[in-house]
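Residue indices begin at 1 and follow the sequence shown.
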Amino acid sequence: YDLLYNIATHLLLRSTSTSDVRKALVLLDKAKDECVRSLQDDYDQVDDDDEDHDDEEGDAAEDVDKEAKKQNDMEAELNKETAPIRANKALGLLLLGGDE
């Protein structure tokens, strides 16, 4: 997703037409989708590793707390990683002047 983001950013900054901006917005949407998928895969992998190491049955409340913490961590990471993508998308929409 980094490559998609970088290409879209370059296209936005060098855009000379609304067509270029629209192409950049499509790339940014794809970058965001790929970022979400990548982070979800990473967190799913961590969950699989944790399950492999759980030899005992844990307390149900403790399991819920761990799951809530993982969910919060994932959301924070997702917000951090997608912030530049969202910012560039906002720029693209501004460049279009509300056409979208």
Side-chain angles (χ1 to χ4, degrees):
Y1 70 90
D2 285 332
L3 182 58
L4 287 170
Y5 167 75
N6 289 335
I7 291 170
T9 299
H10 179 75
L11 193 55
L12 269 179
L13 296 176
R14 302 288 181 202
S15 64
T16 57
S17 68
T18 57
S19 175
D20 288 344
V21 174
R22 285 190 179 97
K23 288 176 188 175
L25 290 172
V26 168
L27 290 174
L28 288 168
D29 285 337
K30 289 180 181 181
K32 184 178 177 192
D33 292 344
E34 184 62 27
C35 178
V36 170
R37 188 196 62 73
S38 176
L39 287 174
Q40 185 63 49
D41 288 350
D42 290 348
Y43 274 86
D44 288 346
Q45 180 64 36
V46 168
D47 285 345
D48 291 345
D49 291 345
D50 286 348
E51 288 173 6
D52 291 344
H53 296 301
D54 277 346
D55 292 336
E56 319 172 351
E57 288 189 26
D59 182 44
E62 186 178 310
D63 290 344
V64 169
D65 287 344
K66 284 182 183 178
E67 187 62 34
K69 183 180 180 335
K70 283 182 188 177
Q71 184 68 27
N72 288 340
D73 290 348
M74 187 178 86
E75 288 175 11
E77 183 73 13
L78 184 62
N79 284 331
K80 184 180 104 180
E81 291 293 322
T82 60
I85 296 170
R86 291 190 319 265
N88 279 354
K89 186 167 182 181
L91 171 63
L93 293 173
L94 284 171
L95 291 173
L96 287 177
D99 288 346
E100 295 292 311

Please give me the minimum heavy-atom distance between [X] and [Y], naming the atom from each residue.
| X | Y | result |
| --- | --- | --- |
| Asp29 | Lys89 | OD1-NZ, 2.7 Å |
| Leu25 | Gly92 | CD2-CA, 4.0 Å |
| Tyr5 | Pro84 | OH-CB, 3.4 Å |

Distance (rounded to the nearest 0.5 Å) between [X] [atom1] and [Y] [atom2]:
| X | Y | atom1 | atom2 | result |
| --- | --- | --- | --- | --- |
| Leu28 | Asn88 | CG | CG | 5.5 Å |
| Lys70 | Asp65 | NZ | CG | 12.5 Å |
| Leu27 | Arg22 | CG | CZ | 14.5 Å |
| Gln40 | Cys35 | CD | SG | 11.5 Å |
| Arg86 | Glu81 | CZ | CD | 11.0 Å |
| Ile7 | Asp2 | CD1 | CG | 11.0 Å |

Single-linkage hydrophobic cluster Leu91~Tyr1, side-chain heavy atoms < 4.5 angstrom =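 As far as the 4.5 Å side-chain criterion goes, Tyr1 and Leu91 are connected within one cluster.
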inquiry  = Are Ile85 and Leu93 connected into the same hydrophobic cluster when the rule is that any two of I, L, V, M, F, W, Y join if their side-chain heavy atoms are below 4.5 Å apart?
reply    =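 Yes, Leu93 connects to Ile85 through the hydrophobic network.
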task = Carefully, step by step, assess Lys69 and Asp73 under the rule side-chain contact (heavy atoms from CB on, under 4.5 Å).
result = CA-CA 6 Å; Lys69 183 180 180 335; Asp73 290 348; 2.9 Å; yes
query = Is there a donor-acceptor pair under 3.5 Å between the side chain of Thr82 and the backbone N or O of Leu78?
reply =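 Yes, the answer is positive, given that a donor and an acceptor are paired below the 3.5 Å cut-off.
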request  = State whether the side chain of Ser15 and the backbone N or O of Leu12 hold a donor-acceptor pair below 3.5 Å, judged by distance alone.
outcome  =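 Indeed, once roles are kept as given, a pair shorter than 3.5 Å links the two residues.
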inquiry  = Between Arg37 and Asp33, does any NZ, NE, NH1 or NH2 come within less than 4.0 Å of an OD or OE carboxylate oxygen?
reply    =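 The answer is no: the pair does not qualify as a salt bridge.
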message = A side-chain contact here means heavy atoms from C-beta on lying under 4.5 Å apart; do Asp20 and Arg14 qualify?
response =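 Not in contact.
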inquiry  = Side chains of Gln71 and Glu67: any donor to acceptor distance under 3.5 Å?
reply    =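 Side-chain D/A pair, Glu67 to Gln71: absent.
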